[in-house]
2 protein chains.
Amino acid sequence: MSTEAKVPVSPESSRVVPSEGHAHAVERILSVAYELFSRRGVRDVGVNELIERSGVAKATFYRHFPSKDSLVLAFLEQRDKLWTVEAIVSQARRRGTSPVEHLLAIFDVLEEWFRREDFEGSTFIHVLLEMGPSHPLGQASIDYLAKLRGHVQALAEEAGLLSPDEFARSWQILMKGSIISATGGDLQAAKRAQQMAGWLIEHHRA
Amino acid sequence: MSTEAKVPVSPESSRVVPSEGHAHAVERILSVAYELFSRRGVRDVGVNELIERSGVAKATFYRHFPSKDSLVLAFLEQRDKLWTVEAIVSQARRRGTSPVEHLLAIFDVLEEWFRREDFEGSTFIHVLLEMGPSHPLGQASIDYLAKLRGHVQALAEEAGLLSPDEFARSWQILMKGSIISATGGDLQAAKRAQQMAGWLIEHHRA
DNA sequence: ACAGCGGGAAAGACAGGTCTGTCTCCCCCT
DNA sequence: AGGGGGAGACAGACCTGTCTTTCCCGCTGT
């Protein structure tokens, strides 16, 4: 990933990780950024609000992140780790026993996600549309969406499905479409997508 | 539509409609807004740029549109008319002979649209994510997306399909998903969605 | 037919707020 | 003593929206 060089790892030296209340500045910034960016998008949240909500001086912010965009890149990476990998993929793999069941469980996870009152929509789609596909942040979002597609493709290969790449691309159309529909208020979007996902699996059986 | 009261119809009295070069101010504003909003989104285009590109004074702008948001509402209405109705629905109805063929032709139209070099993504999805579903402009986008779904539902009823409402909601998941995937660079997203759309039709046959 | 008037529109200053990013000053802790 | 961090002023650009000034065109009354 092209972003990891820009994510500053706080030096830490030998210091003990502090308790929640007075975490290191960079951690507080990332935590607040995750919260606000997820909910309202990256364009709607300014640096001034970020530093105020995280109780950090502006100079401190810019000592750790050379620009707001680099913080957004760090946020996207965190989002990939916490949401894509841990929430979606790991959750789906924990449910069901076969690879096909793992795949279908993705939409069960989405279903629950859509019903949370703090459901915020997909960060990667949001940033992609906010910044455009040619902007570095839009490109990074495309990359993370491709990474998520890679997870789906891996599950398809484990299931022995035909044309795993094509399968994963069609699968992702269902995921993206259901997320947009859920943002528009259709709480059953995941169930609808899951039904079509079942047909897609049938047509990719060996 | 709740917006039409905000779209000023220039008084005109008995005057002849002028030629392209020196159209009335409100028409020039709408034309420039359509171009810029479609391409870059409504948040990225400011009033100053709009009036400069349309050769209109700021006071003139605010005489015709009480706020930028009201111009965006007029733009959304225009987008619904020019894109949803005339480009998508009418085009699809012109292709093929049966209602089912009309339905599937929607993705042929999308396919051609994705391949245009000035493909800009879906305005309604873009505004919905930019402003959020609770903002009036986000709500208006949801309404226009529902209107588009109504067109699909009408075609489903003409085709005699079962549960036309459920059908149209699933159908729109495919449309939205393919649009997002096309924005991310997958030019075959329409074809993939069309294949799944075919299965969806089969499962809604009486 | 012609003078004069009213209003649409252009140009742009201005207000008050926001944005990102830089810089200074000082404190406090090690 | 030195550096991380808090507080905040500041610059320069941008945003929406208001207001003033000037021009010009067409309509009306005589």
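First the proteins, then the strands, lettered A, B, ... as listed; each starts at 1.
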Report task. Can you check whether any acceptor in the base of D:dG4 is under 3.5 Å from a donor in the side chain of A:Arg63, or vice versa? Result -> no

Query - Interatomic distance, B:Leu71 CG vs D:dT16 C1' [rounded to whole Å] - result: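 Those two atoms, CG and C1', are 13 Å apart.
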
Distances for protein N or O near nucleotides 19-22 of chain C N or O, under 3.5 Å:
unit_1	atom_1	unit_2	atom_2	d
C:dT20	OP1	A:Lys68	NZ	3.0
C:dT20	OP2	A:Val47	N	2.6
C:dG21	OP2	A:Tyr62	OH	3.4
C:dG21	OP2	A:Lys68	N	2.9
C:dG21	N7	A:Lys58	NZ	3.2
C:dG21	O6	A:Lys58	NZ	2.6

Report task. Would you mind reading off the distance between B:Leu50 atom CG and D:dG17 atom P, rounded to a whole angstrom? Result ->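 The answer, rounded to whole Å, is 12 Å.
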
Query raised in the report: Does OP1 or OP2 of D:dG5 have a side-chain N or O of A:His24 closer than 4.0 Å?
Result: no

Report task. State which residues pass ring pair (Phe, Tyr, Trp, His ring centres under 6.0 Å) with A:Tyr62; sequence neighbours excluded, sorted by chain then number. Result -> none

Query raised in the report: Are the charged groups of A:Arg116 and A:Glu112 less than 4.0 angstrom apart, N to O?
Result: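 Not counted as a salt bridge, because no side-chain N and carboxylate O are separated by less than 4.0 Å.
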
Requested in this report: Would you please name every residue forming a ring pair (Phe, Tyr, Trp, His ring centres under 6.0 Å) with B:Phe124, sequence neighbours left out?
Outcome: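 Listed in chain order: B:Tyr144.
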
Requested in this report: Please report, rounded to the nearest Å, how far the P atom of D:dA7 is from the CZ atom of A:Arg53.
Outcome: 16 Å

Query - ring pair (Phe, Tyr, Trp, His ring centres under 6.0 Å) involving A:His151 - partner list, sequence neighbours excluded - result: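 Counting only residues at least two positions away or on another chain, A:His151 forms no ring pair (Phe, Tyr, Trp, His ring centres under 6.0 Å).
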
Query raised in the report: Would one find a side-chain N or O of A:Thr60 under 4.0 angstrom from OP1 or OP2 of D:dG4?
Result: no

Report task. Mind checking ring pair (Phe, Tyr, Trp, His ring centres under 6.0 Å) for A:Phe107 and listing every partner two or more places apart, or none if nothing turns up? Result -> A:Trp171

For a quick test of your reading: what N or O donor-acceptor pairs under 3.5 Å do the side chains of residues 128-137 of chain A make, sequence neighbours left out?
unit_1	atom_1	unit_2	atom_2	d
A:Glu130	OE1	A:Val42	N	3.3
A:Glu130	OE2	A:Arg43	N	3.3
A:His135	ND1	A:Leu137	N	2.9

